[in-house]
Amino acid sequence: MKRILRIGMDVHSTNYTLCAIEPRFDGDDIIYANVKVTPDPDNIVQFIENLKKKIKEECDILCGYEAGCLGFSLYHELVKKEIRCVILAPTTMMTQQGKRIKTDKRDALMIAQCLAYGGYHAVHIPRAVSETQ
């Protein structure tokens with residue numbers, strides 16, 4: 001069975017924070033990386049390639065980010081590059097109660113955990129042509 005890695009992305013117009021985890025039901029999740037990169041989809045592709053080299057094993061990747069100001073453009077860019085991606089509806093995401101300090105790294109980890117454990121609903125993604133109409 002292939003391993004499945006989840007990459008939570010806290011995306012802003014000035015940077016992306018990427019957190020790659022592998023969920024473990026028999027212990028703590030494995031966190032492979034939690035890094036900040038410039039806002040370019042190619043940086044996500046490079047991050048995934050480096051991750052696969054590090055793991056040295058065939059694995060599936062699922063990326064996701066919270067719906068917000070960037071809209072669907074990043075989603076469409078990643079899908080063009082054959083990277084599976086979802087956009088999470090913010091009001092449906094599971095969150096840890098009591099943790100009030102928000103940082104990009106914590107948000108990226110939380111998004112990755114939502115992807116891993118199904119703690120979200122995905123938003124409807126319009127086709128790329130309907131975005132410009």
Side-chain angles (χ1 to χ4, degrees):
M1 184 165 93
K2 274 189 189 178
R3 296 163 79 173
I4 303 172
L5 305 181
R6 283 21 179 243
I7 300 175
M9 303 183 295
D10 188 39
V11 298
H12 302 282
S13 60
T14 57
N15 63 64
Y16 300 158
T17 302
L18 311 174
C19 181
I21 70 167
E22 182 175 7
R24 296 287 194 183
F25 296 101
D26 58 348
D28 292 335
D29 297 338
I30 298 171
I31 301 173
Y32 288 102
N34 198 331
V35 299
K36 191 171 283 197
V37 298
T38 57
D40 183 338
D42 289 335
N43 288 334
I44 298 169
V45 173
Q46 184 178 16
F47 177 79
I48 291 170
E49 289 171 359
N50 290 340
L51 192 59
K52 286 182 175 182
K53 285 179 192 173
K54 182 178 182 178
I55 292 173
K56 299 176 185 172
E57 196 174 312
E58 188 69 24
C59 61
D60 285 334
I61 302 287
L62 176 61
C63 296
Y65 64 97
E66 185 176 356
C69 64
L70 292 184
F72 306 104
S73 57
L74 178 58
Y75 169 87
H76 290 299
E77 287 293 322
L78 293 175
V79 169
K80 277 186 215 172
K81 297 173 186 298
E82 299 182 358
I83 296 172
R84 288 190 316 144
C85 183
V86 296
I87 301 177
L88 291 70
T91 58
T92 67
M93 294 169 54
M94 67 175 189
T95 58
Q96 293 180 351
Q97 298 301 315
K99 295 233 176 172
R100 300 225 189 277
I101 300 171
K102 281 182 54 76
T103 67
D104 293 347
K105 286 188 173 196
R106 283 187 184 168
D107 289 349
L109 174 60
M110 188 247 326
I111 293 166
Q113 289 171 329
C114 284
L115 293 170
Y117 299 108
Y120 71 96
H121 290 283
V123 300
H124 169 73
I125 310 294
R127 292 190 323 218
V129 291
S130 64
E131 255 188 278
T132 57
Q133 296 176 344

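- Distance check, rounded to the nearest 0.5 Å: CD of Q46 to CD1 of I44 gives 11.5 Å.
- One finds the CD atom of Q113 at 10.5 Å from the CE atom of M93 (value rounded to the nearest 0.5 Å).
- Cluster membership for F47 and V11, using ILVMFWY side-chain heavy atoms within less than 4.5 angstrom, is shared.
- The shortest heavy-atom contact between P39 and T14 is CD-O, 3.3 Å.
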Exercise answer: donor-acceptor pairs, residues 17-33 side-chain atoms, under 3.5 Å, sequence neighbours excluded:
residue : atom : partner : partner atom : Å
E22     : OE1  : R3      : NE           : 3.3
E22     : OE1  : R3      : NH2          : 2.7
E22     : OE1  : Y32     : OH           : 2.6
E22     : OE2  : R3      : NE           : 3.0
D29     : OD1  : R24     : N            : 3.2
D29     : OD1  : Y117    : OH           : 2.3
D29     : OD2  : Y117    : OH           : 3.2
Y32     : OH   : R3      : NH2          : 2.6

Exercise for review: Given side-chain contact (heavy atoms from CB on, under 4.5 Å), test H76 with I125 step by step and report yes or no.
Suggested key: CA-CA 9 Å; H76 290 299; I125 310 294; 3.9 Å; yes

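- When all heavy atoms of I111 and G8 are compared, the closest pair comes out as CG2-CA, 3.7 Å.
- By the rule that hydrophobic residues join a cluster once side-chain heavy atoms approach within less than 4.5 Å of another member, M110 and L88 end up as members of one cluster.
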Check your understanding: Does the side-chain contact (heavy atoms from CB on, under 4.5 Å) test come out yes or no for I48 and C63, once each step is laid out?
Key -> CA-CA 10 Å; I48 291 170; C63 296; 4.0 Å; yes

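- Remark: K36 engages D104 in a salt bridge (Lys or Arg N to Asp or Glu O under 4.0 Å) (not counting sequence neighbours).
- The heavy-atom pair separating N34 from K105 by the smallest distance is ND2-O, 3.2 Å.
- In plain terms, the two heavy atoms of Y75 and Y65 that are nearest each other are N-OH, 3.1 Å.
- A salt bridge links E77 with K80: at least one charged nitrogen is closer than 4.0 Å to a carboxylate oxygen.
- Here L115 contributes atom CG and I4 contributes atom CD1; the two are 11.5 Å apart, rounded to the nearest 0.5 Å.
- Checked by atom type and distance alone, the side chain of Y16 never pairs as donor or acceptor with a backbone atom of P41 at under 3.5 Å.
- Of all heavy-atom pairs spanning V86 and Y120, the tightest one is CG2-OH, 3.9 Å.
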Exercise for review: Begin from the C-alpha positions of I55 and L5 and carry the test side-chain contact (heavy atoms from CB on, under 4.5 Å) through to its verdict.
Suggested key: CA-CA 10 Å; I55 292 173; L5 305 181; 2.9 Å; yes

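- Under the salt bridge (Lys or Arg N to Asp or Glu O under 4.0 Å) criterion, E66 pairs with no residue, sequence neighbours left out.
- The minimum heavy-atom distance linking L78 with C85 is given by the pair CD1-SG, 3.9 Å.
- In this structure, NZ in K54 is found 15.5 Å from NZ in K52, a value given to the nearest 0.5 Å.
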Exercise for review: Go through the steps to decide whether H12 and N15 satisfy the test side-chain contact (heavy atoms from CB on, under 4.5 Å), and finish with yes or no.
Suggested key: CA-CA 5 Å; H12 302 282; N15 63 64; 3.7 Å; yes

